[in-house]
Amino acid sequence: MMKEGTIVRITGPVVTSEGLEGAKMFDVVRVGQLGLVGEVIKLEGSRAVLQIYEDTTGLRPGEKVVNTGQALSVELGPGLLTSIYDGIQRPLNVLKEKSGDFISRGLVIPALDEAKKWEFVPTKKSGDKVSQGEIIGTVQETQLVSHKIMIPPGVSGELKEIKGGKFTIREAVARVKTPSGEVDIFLASKWRVRTPRPISRKLPPDTPLLTGQRVFDTFFPVAKGGTAAIPGPFGSGKTVSQQQLAKWSDSRIIVYVGCGERGNEMTEVLATFPELEDPRSKRPLMERTILVANTSNMPVAAREASIYTGITIAEYYRDMGYDVALMADSTSRWAEALREISGRLEEMPGEEGYPAYLGSRLAEFYERSGKVVALSPEERIGSVTVVGAVSPPGGDFSEPVSQNTLRVTRVFWALDASLAARRHFPSINWLTSYSLYTDDLRAWYQQAVGRDFPDMRTEALGILQKEAELQDIVQLVGYDALPESEKGVMDLAKMIREDYLQQSAYDPVDTYTSVRKQYLMMKTILEFGKMEAEAIKSGAQAVQIAGLPVKTRIARIKWTPEDQTEALVQEIGNEMKQQFGAVVQEVKV
Amino acid sequence: MQPVSYKTVSQVAGPLIFVKKVENAAYGEMVEVTNALGERVRGQVLDAGAGLAVVQVFGSTLGLSTEGTSVRFLGETARISVSDEMLGRVFNGLGNPRDNGPGIVSKTKVEIVGSGINPYSREEPSEFIQTGISTIDGMNTLVRGQKLPLFSAAGLPHNLLAAQIARQAKVLSSSENFSVVFAAMGITSEEANFFIRQFEETGALERTVLFLNLSSDPSMERILTPRLALTTAEYLAYERESHVLVILTDMTNYCESLREISAARSEVPGRRGYPGYTYTDLATIYERAGKIKGRKGSITQIPILTMPADDKTHPIPDLTGYITEGQIYVSRDLDRAGIYPPIDVLESLSRLMNQGIGPKRTREDHRGMADQLYASYAQGKDVRALSAIVGEEALSETDRKFLKVAQRFESMFVKQGVNEDRSIEQTLDLGWQVIDPLSDSEIKRIKPELIEKYRKRTTAQ
């Protein structure tokens, strides 16, 4: 079955082989004496062109190539959570045990622990009819997540046998009698990474993915099952924003794909995630996290694969009925990997040297997100939300990766280097960002947060918009030349920017804000704005209001713990009435 | 593999030679090319095919011909002998002695293309390195294991700055083994001499290894130079438990050599003619900085690059910024204003700063102070632009305060002497003095209790 050929040419990560007759596109191959892992990406008669997931230095023409006949797959089963994998699902901790601190080549390591015994609790009994995707039992994978064992797609029939107890992933827990024979069911199964897992149907997005980040939740929300793009030039706080999302978003499972990123940054993730607590369950965040790390100095072809490895794992948990958030940082590095391999294949380049299929590959990837009804008679609902980071060279959004990404994503969180430079974090530009989900989510916000919340959002954005217009005038004539009412608007916008939008990821309280607190904060600030407008109308000066002590109090709401917020806001409300009353009184006298 | 010689050169094009009838040259194998006169240069296999090998020559192809040239395939990939003896020595861009000293003999011969560090084995860099330069220590803190480039441009004092960092860098409360590896790619002999003199004067030369590829040396050598330097650094860091500071200058020249080879191979060019794999290639250099769990040493990198036409969006600074953990931006405007070091903090960033600072490492007001200075300076600069239009009289009271803070920031905080080594305490206290014109309520980035604690202290002085 395993066909052998020989190497005829090596150029970087691309190897040409001879004699692999019958090879199929995307078959996995083992190359050379070391057995480097690769994949067939082009066929020309008896020659097959391969991309190699490991460094090819030292390979010689004439060395053998073995075709495994299998497409690149990931192993899906209990043990995925808390893992950290490289781009082709090799656990990095096991790699370290086997090869030391530096990654050596040609190692094949099972993705899941083969020796560990898991407690399997059947939820079906023998004799039951089961069909594809149906849950037949559960394994408590971590304290946070119950892993559902599902009948693999394509298998339906009658449960002939099912047993509870402790099993490894290599031991059968059930047997299904199908029209075409009997099939053993294991705790783990394999899936080809380049093929989306089948679903029953997609649903419209109607629930927001709450992140605890005020600028996202209030102004530019993403729906569960939606897609968002964070393009940002380097140094604009992209990575911190993504990590905040991973830490705080209310999805049950987080898949974090570090694609061509910095080693030290991945280490930071590795060091901080296990220490982080899930805000809801108080368990370590790692218990619901899977990390795929292919740093920039790891082989480029594995970087190309890492995105698919990540999304396939995300789909698997979605099929169990969970909300999954996948962060890909950065899809630009992934696109560059495509470009590099395309260049080595001597393909005709499209824009800026990227292959012509860049757009369709990106669209295919983002299309794997969504809120879906899983393939199962039980009508389970799960979702995969994809947040992709884009790193446009020189911050120029007109480049192909940014443009193709914007065409397929519905939320745009525009990171702005000039905001970052003045330490406005998260440095999301409120004027250029957008979310196309606000209408879909309106009903949810009205019901769960407050009837007036969507209107408050519009009002606040309007004030910021107005500020931007006034800013142009101020540039010309100076702030002092503005009419008092417009000075008021400027001051209010500044409050929104500094006391609401700015949020510190490093402050233990400010790092997460519940939607309830967001509502209270916003309401207080807008209330202040209304009183200010009133006061100015009755003759007060903007400078008087700017000096009110209550402003400092409002600025402190974000540092105040959640349980004390309601009381504080109440107090501030009273103080505002008092102090504005005094101002108006003064004017009258 | 035994070395094999071929005399079947079919084509010489720029830095490349094509050798026919080669049976099985390895990808990345080293070769020795001898011309008809017996002159030898080294090279490396770039494309290994059955019957044809493309060799990139580290040196001049002057005098090579398709006849009479012999190419010896050495049977091994690029390696370097490493030992403690290298400290205090000067090598050329290919790792051969340049100082008339003996060659390095060692049992430890290491491949210069290092394997990647497993992210799982990395230790999070968190040890604060005090450089004595306020703009770096106070606002763009360097930590051990970080890679923090200097983004500079022609005519700016980046060499002076790099030498000052190398001279003054120290970790508080530690007197561990420390060494410097210096790799020069295409810099002038004057610049190289400047660095050597600097190291000599401070007695640092004996713990420094220098690899010099000068502008007059073959440009192709530059592909190997940083890798030789980093391999040596890895040996010193991980085998000899030393904390190594690696200075790579000038990365722009390195990238130009990369482009030269790519063009010679007629590859599809990416932006501005640089090959599509520039990012990956640079990553294999920069990512070799770091710390490893359970090992004592560390590698901290300070690459220097000159931005063509001061353009930060040029592919070299752009790609570098995406790999390194921040950048120190050397500004022409500040230099013109006579301020040394001309570091523009608004364009600079250290991504690992937060790990290195705070209560037990530096001081509890460090984060807040850095943010406050950033914000106030940014605002002050805006006001400065505004006052250029409307005049200072038209500014509001608050605006004038910030204008003053920006002024004080540049003249008190940024500006310092070439030999002025400020402690972190001094730097932070200076910060308090800079923001002195602001009222407590205008200091929004520092927590009230810290304002209480530190403001009184510094103004009382």
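Keep in mind that the numbers below use all heavy atoms, side chains included, and drop hydrogens, waters and symmetry copies.
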Please say whether the positively charged group of A/Arg333, taken as NZ for Lys or CZ for Arg, lies over the ring of B/Tyr322, i.e. under 6.0 angstrom from the six-membered ring centre and within 45 degrees of the axis.
-> yes
What part of B/Ser396 gets closer than 4.5 Å to chain A, counting heavy atoms only: side chain, backbone, both or neither?
-> both
Contact part of B/Gln372 toward chain A, heavy-atom cut-off under 4.5 Å: side chain, backbone, both or neither?
-> neither
How would you list, by chain and number, every residue that makes a side-chain contact (heavy atoms from CB on, under 4.5 Å) with B/Lys381, sequence neighbours excluded?
-> B/Asp344, B/Leu346, B/Tyr377
Results of side-chain contact (heavy atoms from CB on, under 4.5 Å) for B/Lys444 - residues two or more places apart only | A/Glu498, A/Asp499
Pick whichever of [options] has the most heavy-atom pairs under 4.5 Å with chain A.
options	result
B/Ala378, B/Ala78, B/Ser121	B/Ser121
B/Leu352, B/Leu52, B/Asn354, B/Val268	B/Asn354
B/Ala375, B/Gly28, B/Ala370, B/Pro119	B/Pro119

Check each atom of A/Asp507 against the heavy atoms of chain B and say whether the ones under 4.5 Å are side chain, backbone, both or neither.
-> side chain
Tell me the residues of residues 384-394 of chain B whose non-hydrogen atoms fall below 4.5 Å from those of chain A, in number order.
-> B/Leu386, B/Ile389, B/Val390, B/Ala394
To the nearest 0.5 Å, atom NZ of B/Lys447 lies from atom CZ of A/Arg556 at 10.0 Å
Interface residues of residues 11-19 of chain A facing chain B - heavy atom cut-off under 4.5 Å | A/Thr11, A/Gly12
